[in-house]
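Each remark here refers to the structure printed beneath this line.
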Amino acid sequence: MEPDAPPIDDDTLNRRVIAGDRAAFDVLVARHEARLRGFLRKLTGQPATADDLAQETFVRAWQRCRLFDGNGSYPAWLVRIGWRLFLDLERHEHHLRDKHARSAGGSEAFEPNYGTRLDIVAALAVLPPRERACILLCDMEGWSHGEAAKLLDIPLGTLKSVVARAREQLRRHLTTEARTS
């Protein structure tokens, strides 16, 4: 590609990836990696876990490049892959916690430790994964409600309700923490 040439769109790059062009995939990764990692870091609250999920997202995108049909945006397709990997990880970790609790003879609930100052990341950690993803996508990552609903594979009305509920939970949690600090 010449320096003055306009950037190649994602659909064209993905068609090149389908043909085996690794350089085209490198361009897609460079173009979308920061936004995907940012979303996953906010979702997980753990940079190392988010980086692992982002890495796996791009591995899956390479392996399944033929499944991207160009009807949606490439970044939305990546976020959807990352979201599903996150859900798989959550299910796996939940299973391990349950297994550990059963073997220990108790059922201790997981309670995050916030320390003395609560910030937005800690407040987000209180939300269930679906609520956290909805509010992250719509309020912090700039996706429209319609785009977020498609990414998360939920009806638009449900997404709007979940976002409203999540906002209220965050407001309530932050207000309560501010009063107790």
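Owing to the predicted nature of the structure, the values given are computational and were not obtained by experimental measurement.
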Shared hydrophobic cluster, L78 / I18 (ILVMFWY, side-chain heavy atoms < 4.5 Å): no
Pairwise distance CD(E131) to CG(L136) - rounded to 0.5 angstrom: 11.5 Å
Under 3.5 Å, side-chain donor or acceptor atoms of residues 23-31 against the rest of the protein: list the pairs with distances, not counting sequence neighbours.
from: R31; atom 1: NH1; to: I8; atom 2: O; distance (Å): 2.8
from: R31; atom 1: NH1; to: D10; atom 2: OD1; distance (Å): 2.6
from: R31; atom 1: NH2; to: I8; atom 2: O; distance (Å): 2.9

All N/O donor-acceptor pairs, side-chain side in residues 54-63, below 3.5 Å, sequence neighbours left out:
from: E56; atom 1: OE2; to: R60; atom 2: NE; distance (Å): 3.0
from: T57; atom 1: OG1; to: L53; atom 2: O; distance (Å): 2.7

Rounded distance (nearest 0.5 Å) linking atom CG of L85 with atom CD of E90: 12.5 Å
Common cluster, L170/V162, ILVMFWY with side-chain heavy-atom separation under 4.5 Å: no
Nearest atoms (heavy-atom pairs only) where Q169 meets P128: OE1-CD, 4.3 Å
Presence of salt bridge, D51 and R41, under 4.0 angstrom: yes
Pair D88-R91, side-chain contact (heavy atoms from CB on, under 4.5 Å): steps then yes or no: CA-CA 5 Å; D88 290 346; R91 281 189 287 272; 2.5 Å; yes
Rounded distance (nearest 0.5 Å) linking atom NE2 of H145 with atom CG of L137: 10.0 Å
Give the table of side-chain donor-acceptor pairs shorter than 3.5 Å for residues 148-161, with sequence neighbours excluded, one pair per line with atom names and distance.
from: D153; atom 1: OD1; to: R80; atom 2: NH2; distance (Å): 3.4
from: S161; atom 1: OG; to: G157; atom 2: O; distance (Å): 3.1

P129 versus W83, closest heavy-atom pair with distance: O-CH2, 3.6 Å
CG on L43 to CD1 on I135, rounded to 0.5 Å: 12.5 Å
Inter-residue atom distance F68.CZ - L13.CG, 0.5 Å rounding: 10.5 Å
Nearest non-hydrogen partners of W143 and S73, listed with the distance: CZ3-OG, 4.1 Å
Side chain to side chain, T12 and R15, heavy atoms closer than 4.5 Å: yes
L127 and H173: CA distance, side-chain angles, deciding distance, side-chain contact (heavy atoms from CB on, under 4.5 Å) verdict: CA-CA 10 Å; L127 296 175; H173 188 81; over 6 Å; no
Worked check of salt bridge (Lys or Arg N to Asp or Glu O under 4.0 Å) between R171 and E168: CA-CA 5 Å; R171 185 195 61 74; E168 178 58 27; 2.4 Å; yes
Interatomic distance, R132 atom CZ to T44 atom OG1 [nearest 0.5 angstrom]: 8.0 Å
